[in-house]
Amino acid sequence: MHVTSPVREPLVLGNKSYHDVTQDIACRVEEKPTKLWFIAFGVSLVMLALGSASLFQTWRLGIGVWGLNKTVGWAWDITNFVWWVGIGHAGTLISAVLMLFRQKWRTGINRAAEAMTIFAVLCAGSFILMHMGRTWLAHWALPLPNTYGSLWVNFNSPLVWDVFAISTYLLVSLLFWYLGMVPDLATIRDRAVNPISKACYGFFSLGWTGSAKHWQRYEQVSLILAGLSTPLVLSVHTIVSMDFATSVIPGWHTTIFPPYFVAGAIFSGFAMVLTLMLVTRKVYKLEEYITMTHIESMNKIIILTGSIVGIAYITEFFIAWYSGVEYESYCFINRATGPYAWAYWAMMTCNVISPQLFWFKKIRTNLVATFVLSIIVNIGMWFERFVIIVSSLHRDYLPSSWAMFYPTMYDVGDYIFTFGLFFTLFFLFAKYLPVVNMAEVKAVLKSSTDKPNHNH
Amino acid sequence: MSATSGKFLVGIFDDEDVLLHSIPDIRNSGIKILEVFSPFPLHGLDEALGYERSKLDVAAFFFGLTGTLTALTMISYMMFFDWPMMIGGKSNFPLPDFIPVTFELTVLFCAYGMTITFFIISNLLPGVKPILFDKRCTDHKFVMAIDLSKNKMSEEEITSILKENGASEVNQKEF
Amino acid sequence: MKLEEKLVIDERFVFTTKAKNKVFTIIGLGLFLFALGMYMVMSGGGHHEDAHGAVQAAGHAAKGHHEAFNWMTRVWVNLWHNTVFFAGVSVMGVFIVAYNYVAYAGWSAGLIRVPMSFGSFLPYAFGIMLIVFFFGHHDLFHWTHDGLTDPNSPHYDRIIAGKSGFLNTPFYLIRMVIYFSLWIYINHLIRKNSFAEDINGTHTYWHKNTIVCTVFLIIFGVTSSMSAWDFVMSVDPHWFSTMFGWYVFASWHVSAIAAVTLIVVLLKERGYLTIVTENHLHDLGKFMFAFSIFWTYIWFSQFLLIFYAHIPEETVYFLDRMKNYGNHYTGIFYLNIFINFIFPFLVLMTRDAKRHMIILKIVSIAILFGHWLDFYLMLTPGTLKGHSGFGPLEIGTALVFLGVFIYVIANALSKAPLVAKNHPMLEESLHHNI
C-alpha cells in the first residue's frame, strides 16, 4: 500500500504514466546526437587533446616539469587526486546511503551521480599513475610475486592502502552502477529498432526480462551492495585522509581527518552533481523528474556537510591552540597570514560562507544561485586540499627547509586533461545511456506522483 | 529460465496493485503461475507467488569472509613470514596497519562474489537471449505467464479467471 | 482496521506503583552497594589495591609527585562518570528526535515520543554535575589545582598554563551552564510543540518543530564536541585529539539508540505501542548495527593515527589503557571493543535477528553496558591512574543513576500520550513494511 504523508512534495511531476517515464528518458538515448551535444563533446575532446599533450610531455620528461621541490613534494598532483576522489563520493552516497535511508528522491539523480563517481575516480586514478613518474612500473604498487626477492609492497603504508581502496571503490562502484542499469538496458533493447543498437543493448542487458524471481534477487543484491558501499565510501576517503594524518607534520597529523575528509567529499560531490544535473535536466527537459524538491534536498545536504566541515575547521583551530604545540599553532597562523593566505581565505569564503547561503529558501530554490554556488563549493574544496597539502609542507618543523611552490603549465595542463577525460566520458554516458534510472523512478511513481487524489 | 517451449497464456495487467491483489485469488483458483514480469520490483510479489527467500545474503557473507582471510593470509605471509621488515619501529605484525587493506578486500570479494553468483544462478550473462512473453514488460505492463502444459484447466477457464481478476488482455504465446 | 488503530493510537503510559517500586528497589540496591563500596574503599580495599598503591607511590615519589591516593577520588570519578554517561544519553534523545524531524522521517513517527522523553533527565544531570564539580573538582580535574599557571610555583605546568584560558573554573562553569540551558530549553520547545499538535490537529506545529529541530542540530553540532572536551577530554589535561568530540558523540549516540530500542521493547512487552511492528524494530536494529560500526570506525581512526605516528605525547593515552599501571586496564580495553563492535556486528547482521524483540533486548543492554564501560575507560585512567577498580562502588553508583534515569523517563512518558497521534507522518509509520 502506498501511503505518502501530505507534507511531502511529489517527486515526479506532470502526471506521468509508466510509459511516459520510459519515453521521456529513453528517447534521449535513441535520438541522434544534437548539435549542442556535438559542441559540448567537441569542447571536452579539445580539453582532452590539450591535456593529453601536457600529459605526454610530463610522462616523457618526468615529473620534474611540475613545480615540486624537496620541501613541497606534493602539490597540484595530490590536491587534484583528492579533489576528484572526493567528488566521486557523492554518487555512492546517493546510491547507497540514501537507499539505506529510503530517501525516494534519490531515484531521479542516482544514475548520473554514479556515472559521475566512476569518471571522477578514473580521473583521480590518473593522477596516481601520473605522479609515479615511471608509470610503466605502476604494477609495482600491487603485491605481485616478482624476481626481486619477491619484494612485496609495504602494507603499513597508507599509499598502499590507497591502491586497494581506490581500486576496490572503482570496481564496486562500477558494479553497482552496471547492476542498476541492467533493467534499463533491457528496456532500451526491447524498444530498439536498429539491429546494432539491439545487439549492443541486448548484450549488456544480459537477457533481463524483469521476472519476479530475478527482481527478488536483484533487490537483495542491491540492498547488500548498498550496505557494503556505505562503509566502503567512508573507508576510501578515510584512507585518503590517512595519507596525511598518519604523518607527523603539523596540520596533517590530526585525528579528525577521517570523518572530516568524508564530510568534505560528500560536500564537493553533491556540488558537482548539482552542477551537472542542473544543465542536464534543462537540456534533456527532465525538470519533471529532477524537480525543485531534488535540488532543494541536495542543497540541504550541502548545508549539512558544509557545516560539518566548518565545525571540523573550528575544532582543528581550537585544538591546535589547546594542544600548546607551537608547530601546530604556527601552521594555522601561517595558513591565515602567510604567503598562501589568499588560498586560505578563498577556501574559507567558498566553503564556510557560501553553503550557509542555502539557509535562505529563496536561494536554495533558485537555479542560477544553486549553479553558481555549486561551482564555488568545488573551487573552495580544491583550495582546501591545496591549503592542507602545500601550506603544511612548505613550512614545517625546520625553517631552513622552508620553500615556496609555484605551479607550472604542466601542473595546469595535466589538470585540464582530467577535465577533458571527465567530460568526454560524461557526454558519452549522457548520449548512449539513460541518465535517469527508469525502473526506480517507476517504482516510486505511484507514491510520489503529483496525480491528484492518488495517495491517501 | 532456460529452454522454454510450448504454449503459454499471457495475462497483461496495467496496474501493479491490481496485479498484487489478483495473485492470491488466481492461485487459489488452482492456476499455476509460471512467472510474473514487471518493469520494476514489486514489494510483496515474491511472497505472494510463494517464492523462497534468496540465500544470496549467506553467500555474500562467506565471500566476504573469504576476502578477510585472503587479505590477512596474504599480508601475514608477505610481511611476517616471507620478508619481515621493521618499519617505523613497530613490530613485524602491526595489526592495526593491516585493517584497511583487509577491509577493502572483504568488501571487494563480497560484492563481486555475490553479484556474479546472482548473475550465474539467474542465467543473466552477456549474450543470453531474453525470453519475453510480452515486450512491454520492460516498459509499462505487468505480465503474468501461465504454462498451459503445467495446468489442468482449459485456456478459456484460465482466460476468464484472469480477466475477472483485472487482466486487461490475455494473449497466447508459443515458443 | 481503522477503528482498532484509533484505540491503539490514543494510549498513555501508566507509571504504576508496582513499576515505581521496582525502580526504587534498583535505587535501593544501588545505594546499598554504593555504601558497601565506599566502606571497602575507605578501609583500603584488598591486597590488590595495596600492592598497586605501593608501586604507584614509589613511582610517583620518583617523579616528584607528592599526592598520595585519595579514596574519595574514586567516589567522585564514579559520580562524574555516570553523570556524563546519562547526561549524554539524555541529550542524544533530543538529537534523535531532531534528526528524525529534519530528515522528514516517516517510519519513526509512531515511536518518536520515546526519545522525546529522554531530555527530561537533563535538568537532573545538570544539577548533579554542578554538585559533583563543586565538591569533587580537585580530585577530578588536575587543571583546577593551584599553582599550575604561576611560573614561580613549584607546581608550574607549562602545558596546562597554556590552555588555562579555556580550562579555568569560571569559564568552565559558564560553558556548562550554556550547554545545559540550551539543551533543556530546546527540548522543552520540541515537547511543547509536539504535545500542542496532539490537541490542535494541523501541521503547523510539525513545521514549527522542524525549524526548532534544525536550530537544535546547529547548536548541538558545536556543543556536543565542546561538552566532550570539557567533561571528558580535560581529565587528561596534557593530551588532546581533534577527533575526541566526535568519538564521544558516537558513543553517546549509539547508547541512546540502544536505550530507545530497549524502552520500545519493554513497553511492547507490557502491552503498549502495538502500532510498533517488527518492521519498526527492524529499523531500530539497523540503527544499532550501523552506529555500532560507526563508533568502531571513529574509535579505530583515532587509535590507528595515534598508533601510527607514534608520538609519545599522544601514545601515552593508549599506553595507559593497554599496558601501563601493570596492565591494569588491558582487559577492559579489549572488552570494550568486543562488546561495542564484535558482539553487535555479528549478532545483528541478519535480517531476522533485527526483527526479534529478545535479540534486540540483549544487544541493546550489551551496547548500553558496553558504552558505559567505554566512558569508564575514558575517565578513570586519567583520574585514578592505577587505583581504579570495578566493585560494589561502581555497580552501586551505576544502579542508582540507572534507577533515577528510568524513573524520570517513565514519569515523562506518563505525562503525555505515548503516540503523536496527529503527526503528519503517522500514517506512513502505521503502514511501515520492509
Side-chain angles (χ1 to χ4, degrees), chain A residues 2 17-19 21-22 143 149-156 158 160-161 164-165 167-168 171-172 175-176 179 182-183 186-187 189-191 202-221 224-225 228-229 231-232 235 238-239 242 438-440 442-443 446, chain B residues 1 16-17 35-42 45-46 49 51 53-54 56-57 60 64 71 74-75 78-79 82-83 85 87-88 90 94 97-98 100-101 103-105 107-108 110-112 114-115 118-119 121-133 135-141 143:
Chain A
H2 306 281
S17 68
Y18 296 132
H19 185 70
V21 176
T22 309
S150 294
L151 181 61
W152 304 114
V153 296
N154 179 9
F155 284 101
N156 296 287
V160 171
W161 304 344
F164 282 84
S167 309
T168 303
L171 290 170
V172 174
L175 186 66
F176 203 1
L179 178 75
V182 168
T187 305
R189 168 199 73 201
D190 293 338
R191 283 166 57 103
F203 181 82
F204 286 105
S205 59
L206 311 180
W208 177 267
T209 51
S211 72
K213 189 65 193 167
H214 291 176
W215 275 124
Q216 184 207 44
R217 290 183 184 143
Y218 174 97
E219 289 282 270
Q220 169 88 298
V221 171
I224 295 177
L225 276 177
L228 283 173
S229 299
L232 178 65
S235 76
T238 295
I239 290 172
M242 288 179 174
M438 293 184 272
E440 286 193 338
K442 289 174 193 169
K446 253 201 176 176
Chain B
M1 287 195 63
E16 71 265 29
D17 289 317
E35 185 54 289
V36 175
F37 302 85
S38 57
F40 56 90
L42 299 175
L45 179 62
D46 51 327
L49 290 169
Y51 290 163
R53 253 184 48 199
S54 155
L56 280 168
D57 49 356
M74 170 181 78
I75 297 174
M78 292 174 182
M79 302 255 92
D82 193 55
W83 194 335
M85 281 197 261
I87 294 166
K90 305 271 194 322
D97 288 352
F98 302 148
V101 174
F103 174 79
E104 299 299 335
L105 282 185
V107 170
L108 185 65
C110 184
Y112 271 82
M114 167 187 69
T115 311
F118 160 57
F119 286 146
I121 60 175
S122 307
N123 198 34
L124 290 169
L125 300 165
V128 165
K129 287 269 170 296
I131 298 165
L132 290 164
F133 289 88
K135 257 196 185 179
R136 295 168 294 172
C137 68
T138 55
D139 184 355
H140 61 135
K141 297 288 189 194
V143 175

Do you know which of A/Trp161, A/Phe204, A/Phe176 has the most heavy-atom pairs under 4.5 Å to chain B?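 Result: the option with the highest number of such pairs is A/Trp161.
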Provide the closest heavy-atom pair for B/Tyr112 versus A/Val172 in the form atom of the first, atom of the second, distance.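 Result for this residue pair: CE1-N, 4.2 Å.
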Could you pull out the closest heavy-atom pair between A/Ala212 and B/Tyr51, with the gap in Å?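 Looking at all heavy atoms of both residues, the closest pair is CB-CE1, 3.7 Å.
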Rounded to the nearest 0.5 Å, what's the gap from [atom1] on [X] to [atom2] on [Y]? Could you check?
X: A/Lys213; Y: B/Phe37; atom1: NZ; atom2: CZ; result: 13.5 Å
X: B/Thr138; Y: A/Met438; atom1: OG1; atom2: CE; result: 8.5 Å
X: A/Thr209; Y: B/Lys129; atom1: OG1; atom2: NZ; result: 14.0 Å
X: A/Gln220; Y: B/Asp46; atom1: CD; atom2: CG; result: 10.0 Å
X: B/Ile121; Y: A/His214; atom1: CD1; atom2: NE2; result: 8.5 Å
X: A/Arg189; Y: B/Leu132; atom1: CZ; atom2: CG; result: 5.0 Å

For the residue pair A/His19 and B/His140, categorise the inter-ring angle as parallel (less than 30°), tilted (30 to 60°) or perpendicular (more than 60°).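 A/His19 and B/His140: tilted rings.
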Partners meeting salt bridge (Lys or Arg N to Asp or Glu O under 4.0 Å) with A/Glu440 (sequence neighbours left out):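 Applying salt bridge (Lys or Arg N to Asp or Glu O under 4.0 Å) to A/Glu440 gives A/Arg106.
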Establish, yes or no, whether a centroid distance under 6.0 Å links the rings of B/Phe40 and A/Tyr18.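 Ring centroids of B/Phe40 and A/Tyr18 are less than 6.0 Å from each other.
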Tell me whether B/Asp17 is salt-bridged to A/Lys446, with the criterion being a basic N under 4.0 Å from an acidic carboxylate O.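 A/Lys446 and B/Asp17: salt-bridged.
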Residue A/Val153 versus chain B: region with a heavy atom under 4.5 Å: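 Interface part for A/Val153: backbone (N, CA, C, O).
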Going by the rule ring pair (Phe, Tyr, Trp, His ring centres under 6.0 Å), which residues pair with A/Tyr218 if we only count those two or more places apart in sequence or in a different chain?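 Applying ring pair (Phe, Tyr, Trp, His ring centres under 6.0 Å) to A/Tyr218 gives A/Trp208, A/Trp215.
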